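As structure tokens, the structure follows; a few thoughts come after it.
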Amino acid sequence: MWNCAVVECAVNHVPTYSPHYGISRGCSPSSSSGSCYSVAASPPAHHGNNIDNKIEQAMDLVKTHLMFAVREEVDGLRSKIYDLENHVRRLEAENSILKRTIPNDTLKQLHLKL
């Protein structure tokens, strides 16, 4: 909600700025001959803090969700890496057994093809 104030002044029509109420139209607010006035509005002082707090809360929430998603992805990738390393070990063991059991000339032919 905005705070509003009426600023009365003399007929000078020079735009002025009131630091307490925002932008006003007319002359100096200290003028005593009140033939012109304007309405100036400014946000309440706590309004800025409230928005900053909500922005900070939203950023914390986004950070929490992102960290959760990243951790979940990392855990999935670690599991996949573990499974792939086990598969590689089995294939290497199988390969070493096959190399020991096949004839040497078949092994030489295989190396020539690769």
Side-chain angles (χ1 to χ4, degrees):
M1 175 152 284
W2 292 81
N3 294 330
C4 295
V6 175
V7 178
E8 294 183 356
C9 59
V11 183
N12 191 349
H13 301 301
V14 177
T16 61
Y17 175 76
S18 172
H20 301 291
Y21 299 110
I23 297 175
S24 63
R25 188 170 178 200
C27 61
S28 171
S30 61
S31 215
S32 60
S33 60
S35 59
C36 70
Y37 69 92
S38 65
V39 176
S42 68
H46 71 289
H47 185 65
N49 266 348
N50 194 17
I51 289 175
D52 289 343
N53 288 339
K54 287 187 180 198
I55 290 171
E56 188 174 335
Q57 288 173 352
M59 289 174 63
D60 287 343
L61 184 63
V62 168
K63 178 181 161 188
T64 301
H65 284 292
L66 284 174
M67 291 300 294
F68 178 77
V70 167
R71 284 188 185 124
E72 198 172 71
E73 185 71 21
V74 167
D75 287 343
L77 291 173
R78 282 184 181 154
S79 175
K80 192 171 188 175
I81 288 169
Y82 179 77
D83 292 342
L84 290 171
E85 286 175 341
N86 284 337
H87 186 69
V88 166
R89 276 192 226 92
R90 281 193 305 266
L91 291 175
E92 287 174 341
E94 182 182 330
N95 191 25
S96 67
I97 292 171
L98 291 174
K99 281 183 180 178
R100 281 185 270 138
T101 58
I102 62 170
N104 283 337
D105 58 333
T106 307
L107 187 58
K108 287 178 187 176
Q109 288 176 358
L110 182 61
H111 284 298
L112 292 175
K113 290 181 181 179
L114 295 177

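Keep in mind the model is a prediction, meaning the values are calculated, not measured.
Rounded to the nearest 0.5 angstrom, Arg71 CZ and Arg78 CZ are separated by 10.5 Å. With values rounded to the nearest 0.5 angstrom, Ile55 atom CD1 is found 8.5 Å from Met59 atom CE. Taking CD of Glu56 as the start and CG of Asn49 as the end, the distance is 10.5 Å to the nearest 0.5 Å. Interatomic distance, Leu91 CG to Asn86 CG, rounded to the nearest 0.5 Å: 11.0 Å.
A distance-only check finds no donor-acceptor pair linking the side chain of Ser79 to the backbone of Asp75 [under 3.5 Å].
Counting only heavy atoms from C-beta outward, the side chains of Arg89 and Glu85 approach each other to under 4.5 Å.
Residue Leu61 is tested with His65, Gln57, Lys63 for a side-chain contact (heavy atoms from CB on, under 4.5 Å); the sole match is His65.
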